[in-house]
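Below is one structure, written out as structure tokens; comments come after it.
A note on names: the letters A, B, ... follow the listed sequences, proteins ahead of strands, and every chain is numbered from 1.
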Amino acid sequence: MPELPEVETIARGLARSVSGRTIRGVDVAWQRTVDPRGLAARTLDGETIAGVRRLGKYVLFDLRSGRHVAVHLRMTGRLIADPSTALPHTRLSLRFADGGALVFSDARKFGRWRIFDGDPQAELGTGIDPFDPELTPARLHALLRGRRTKIKTWLLDQRRLSGVGNIYACEALYLARIRPNVAAGRLTRAQAAALLSSLRKVLRKAIFYRGSSVDDYVDGAGMPGEFQKKLAVYGRGGLPCRRCKTAIRRVVLAQRGTFFCPVCQH
DNA sequence: ATCAGCACCTGTTGGC
DNA sequence: TGCCAACAGGTGCTGA
């Protein structure tokens, strides 16, 4: 479900709504929600949330103790602060000392919570962020050099670049006029530069519109985003390209639906 | 290194 | 109307 813009929207909202609050009670309704590589959920009892931010596609809670909680929402995970009614598919809840709660609901049960000490980036293995100032066109071009994997598949690999998912990979490649199936290493320096600026443009705009609610994404307050109305290619198979009117094609790359314009993208 | 295939899960949708 | 297959914003593992 959520990619960088959706996770950013959720993290920003939760930073305001749960920062400074103290956990007094943890309910785990689906044990596998808690990643066994990290600490047990009950260790959160008594912790106070210092802040909330995004790391790649993780919602990262920084605790006053120095510990961290990384929540990955995968396809259908939702983090809702102080819900007014019980949520369906609730898998884990943090009860706060003030009487409120942070509830994790996840229909498909793919989402994971990981509680750990130490450096989040090292712990989670996240690659460079698309908005990291150190990611220059030259740096991206260098990262792509020699890679024979398809550029769209490369964009989805979180160990290299962290935060881009299926929707925004399709959208950025469309904006940059690059075919999803070209080998990553074959992109020219100019194409790498176009791809980077397209990624930032589409991600920034999607954050502005509070994410894309194609199916069931909602933010930390339960509100949907608006960017799904702005999508240029994702989910538009068979519909006319907004630039040249050619029918948008859908193919499958790396087991994921992939949309592109066969005329605009080379 | 890379890829296809499958696993993890449930809910919704579209075709027949 | 009803059933079933396909599909879904993600990742991780295995085997080739």
Problem set entry | A:Asp129/A:Arg54 salt bridge by N-O under 4.0 Å criterion | yes
For this session: Please check if atom CZ in A:Phe131 has more than 12 non-hydrogen atoms from other residues, nucleotides or ligands closer than 6.0 Å.
Result: yes
For this session: Pick base, sugar-phosphate or nothing for A:Arg159, based on heavy-atom distances below 4.0 Å to the nucleic acid.
Result: nothing
For this session: Nearest whole angstrom, please: distance from the C1' of B:dC3 to the CG of A:Asn181.
Result: 15 Å
Exercise. For the side chain of A:Glu3 and the backbone of A:Tyr168, is there at least one donor-acceptor N/O pair under 3.5 Å apart?
Worked result: yes
Exercise. Just checking, A:Arg243 and A:Tyr174: is the charged tip under 6.0 Å from the six-membered ring centre and within 45° of the axis?
Worked result: yes
For this session: Nearest whole angstrom, please: distance from the P of B:dC3 to the CZ of A:Arg256.
Result: 15 Å
Problem set entry | Bracket string, DNA chain C, 5' to 3' - pairs by Watson-Crick or G-U geometry under 3.5 Å, | interstrand | .|||||||.|||||||
Exercise. Is there a donor-acceptor pair closer than 3.5 Å between any side-chain N or O of A:Glu6 and the backbone N or O of A:Asp219?
Worked result: no
Seminar exercise, completed: Of the candidates C:dG10, B:dC3, C:dA8, the side chain of A:Glu3 sits closest to C:dG10
Problem set entry | A:Arg78/A:Asp106 ion pair, N-O < 4.0 Å | no
Exercise. Tell me: CG of A:Leu73 to P of C:dG10, nearest whole Å?
Worked result: 11 Å
Exercise. Are A:Arg147 and B:dC3 close enough that a side-chain N or O sits under 4.0 Å from OP1 or OP2?
Worked result: no
For this session: Classify every nucleotide of nucleotides 5-16 of chain B by which part a protein heavy atom approaches to under 4.0 Å, writing B for the base, S for the sugar-phosphate alone and - for neither, in 5'-to-3' order.
Result: B--BBBS-----
Problem set entry | Trace of the side-chain contact (heavy atoms from CB on, under 4.5 Å) decision for A:Phe104 with A:Ile80 | CA-CA 7 Å; A:Phe104 178 66; A:Ile80 309 288; over 6 Å; no
Exercise. Taking the same atom, P, in B:dC9 and in C:dC3, what whole-Å distance lies between them?
Worked result: 26 Å
Seminar exercise, completed: note: A:Ile151, atom CD1; B:dT2, atom P; distance rounded to Å ~ 12 Å
For this session: Verify, without hydrogens or angle tests, whether A:Glu123 (side chain) and A:Phe116 (backbone) share a donor-acceptor contact under 3.5 angstrom.
Result: no
For this session: Would you indicate, yes or no, if C:dT11 has its OP1 or OP2 atom less than 4.0 angstrom from a side-chain nitrogen or oxygen of A:Lys57?
Result: yes
Problem set entry | Side-chain N or O of A:His72 closer than 4.0 Å to phosphate OP1/OP2 of C:dG10 | no
Problem set entry | Separation of C:dA8 P from A:Leu156 CG (nearest whole Å) | 13 Å
Problem set entry | Options C:dA8, C:dG10, B:dC3, nucleotide nearest the side-chain atoms of A:Arg250 | C:dA8
Problem set entry | A:Arg147 with A:Asp157: basic N within carboxylate O range, under 4.0 Å | no
Exercise. What is the distance, rounded to the nearest whole Å, between atom CE of A:Met75 and atom P of C:dT11?
Worked result: 10 Å
For this session: Write down the distance separating the C1' atoms in B:dT10 and C:dT1, rounded off to the nearest Å.
Result: 23 Å
Problem set entry | Length of the line joining A:Arg78:CZ and C:dG10:P, which is rounded to integer Å | 16 Å
For this session: Could you check A:Ile167 against A:Cys170 for side-chain contact (heavy atoms from CB on, under 4.5 Å), going step by step and ending with a plain yes or no?
Result: CA-CA 5 Å; A:Ile167 292 181; A:Cys170 291; over 6 Å; no
Exercise. Could you give the CG-to-P distance, from A:Asp157 to B:dA1, as a whole number of Å?
Worked result: 11 Å
Exercise. Which part of the nucleic acid, if any, lies within reach of A:Arg37 when heavy atoms closer than 4.0 Å are counted: base, sugar-phosphate only, or nothing?
Worked result: nothing
